[in-house]
There are 2 protein chains.
Amino acid sequence: MLYSKSAEYAIQAMIYLSENKSEKPIMISKIAASYDIPYQFLAKIVQTLVKQRLVKATRGRNGGINLGRPSHEIYVNEIVHAIDGPPPEREQCVIGLDLCSDETPCPLHDKWKPIRYKIAEMLAGEHLDDLAERVTAKREKMKK
Amino acid sequence: MLYSKSAEYAIQAMIYLSENKSEKPIMISKIAASYDIPYQFLAKIVQTLVKQRLVKATRGRNGGINLGRPSHEIYVNEIVHAIDGPPPEREQCVIGLDLCSDETPCPLHDKWKPIRYKIAEMLAGEHLDDLAERVTAKREKMKK
DNA sequence: ATTATATAGGATTATAAGGTCTTGTAATAT
DNA sequence: ATATTACAAGACCTTATAATCCTATATAAT
């Protein structure tokens with residue numbers, strides 16, 4: 001809906017890294033198993049994250065991946081853009097009408113614009129530390 | 001984003017019908033040309049709209065299509081559901097976490113829920129008459 | 001009746017996203 | 001040194017959406 005399946009997996013993987021902070025690298029296969037993501041596919045996604053410096057990879061025995069930066073400095077929209085590419089320059093019209101803009105708005109324009117803004121705000125306002133914390137809290141709650 | 005390309009074309013076509021109200025049927029090819037939609041593709045989409053009774057088709061010479069009901073009684077979400085199928089029973093989590101619900105919310109849950117509601121509200125609140133009127137107004141504005 | 005014209009609909013192709021397979025390469029424990 | 005382990009990366013397969021092709025069928029004008 002808001003991003004591709006790949007980006008979704010990337011977010012999940014990075015939440016995992018954030019939850020399991022450790023000096024030692026964490027294996028991609030472990031993350032894949034934990035979130036039930038196809039291993040090979042996640043490995044590919046991680047390659048992109050590495051190139052974008054969102055995660056650091058350590059090769060070889062005892063290798064794995066770590067966050068590229070502290071978890072409170074990584075925001076969800078960064079992950080999405082790293083995987084799905086940057087957002088379009090000119091936001092496109094909801095009903096695909098050419099020449100739709102603030103000056104000549106399409107019929108849904110005025111209702112859609114604030115919603116689109118809210119979405120961007122949501123993704124830009126959440127950092128990994130936040131997410132991981134709440135996932136952990138959720139796990140606790142579910143044990144009961 | 002909110003619906004498939006097919007649904008987008010369907011909305012455009014029905015706006016056209018709403019703008020050009022007439023007793024006589026309007027040709028699919030004319031609509032396709034007007035909105036730059038691949039003709040054969042639109043024809044196929046229209047077949048579905050006909051089955052769902054959102055438009056009425058008249059075959060043969062001088063044939064074409066008309067709205068199935070008055071334009072002020074047709075809402076955008078009906079068109080979307082007719083083409084893309086009905087919305088899922090259980091709304092799915094934004095970051096794809098299983099077991100995400102109001103009771104055990106995922107990290108983005110509280111921010112996403114009201115946005116999702118706004119979107120549904122937007123699509124359910126706009127009827128064709130409204131849209132067509134504004135498209136017409138827009139055309140006028142652009143002439144200047 | 002015949003012909004032109006428009007939708008109906010099955011079969012097929014194109015493209016992109018999602019997912020798998022296989023081999024290469026770096027690091028380290030032995 | 002060498003075997004093992006884990007990421008890197010290219011080629012390939014699968015599925016869904018988007019788009020096209022071709023023929024059938026209905027209808028109205030001639």
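Letters go in sequence order (proteins before strands), and every chain restarts at 1. Predicted model only: the values in this text are computed from it and were never measured. Computed from heavy atoms alone, side chains included, the values below leave out hydrogens, waters and symmetry copies.
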Taking atom types as they are modelled, would you say the side chain of B/K44 forms a donor-acceptor pair with the base of C/dG10 within the 3.5 Å cutoff? yes
Output yes when a side-chain donor or acceptor of A/D84 lies under 3.5 Å from a complementary backbone atom of A/Y3, and no otherwise. no
Picking from C/dC21, C/dT25, C/dG19, the nucleotide nearest the side-chain atoms of A/Q40 would be C/dC21
How close or far is atom P of C/dA17 from atom OH of A/Y3, stated in whole angstroms? 17 Å
Tell me what A/S6 touches on the nucleic acid: a base, only sugar-phosphate, or nothing, going by heavy atoms under 4.0 Å. sugar-phosphate
Hey, which sits more toward the 5' end of DNA chain D by its nearest nucleotide, A/A57 or B/P38? A/A57
Between A/E73 and A/R69, which heavy-atom pair has the shortest distance, and what is it? O-NH1, 2.9 Å
Regarding the side chain of A/F41, the nearest nucleotide among C/dA8, C/dG10, C/dT20 is C/dT20
Position toward the 5' end of DNA chain C (nearest nucleotide), A/Y39 or A/R61: A/Y39
If I take atom CG in residue B/L42 and atom C1' in nucleotide C/dG9, what distance separates them, rounded to the nearest angstrom? 15 Å
Look at all strands and tell whether A/G63 reaches a base, only sugar-phosphate, or nothing, counting heavy atoms closer than 4.0 Å. sugar-phosphate
A/I37 has an atom CD1; how far is it from atom P of C/dT20, in whole Å? 12 Å
Going through the distances and angles, do B/L17 and B/I31 end up as a side chain to side chain contact (heavy atoms under 4.5 Å, CB included)? CA-CA 8 Å; B/L17 290 177; B/I31 302 174; 4.0 Å; yes
What is the minimum heavy-atom distance between B/V80 and B/A7, and which atoms define it? CA-CB, 4.4 Å
Grab the CD1-P distance between A/I28 and C/dA26 for me, whole Å please. 17 Å
Classify the side-chain pair B/H72/B/D130 by whether it contains a donor and acceptor separated by less than 3.5 Å. no
Specify the separation, in whole Å, of atom CG of A/D36 and atom C1' of C/dG19. 13 Å
What's the shortest heavy-atom distance between A/H109 and A/C100, and which atoms? ND1-SG, 3.2 Å
Rounded to the nearest Å, what distance is computed from the CG atom of residue B/L49 to the P atom of nucleotide C/dT7? 13 Å
Nearest-Å distance for atom pair CD/C1', residues B/Q47 and C/dG9: 5 Å
Minimum heavy-atom distance B/Y16-B/K30, with the two atoms named: OH-CG, 3.9 Å
Between CG of B/N62 and C1' of C/dT7 the distance, given in whole Å, is 13 Å
Under 4.0 Å from any heavy atom of chain B: name the first and the last nucleotide of DNA chain D that qualifies, 5' to 3'. D/dA18 to D/dA29
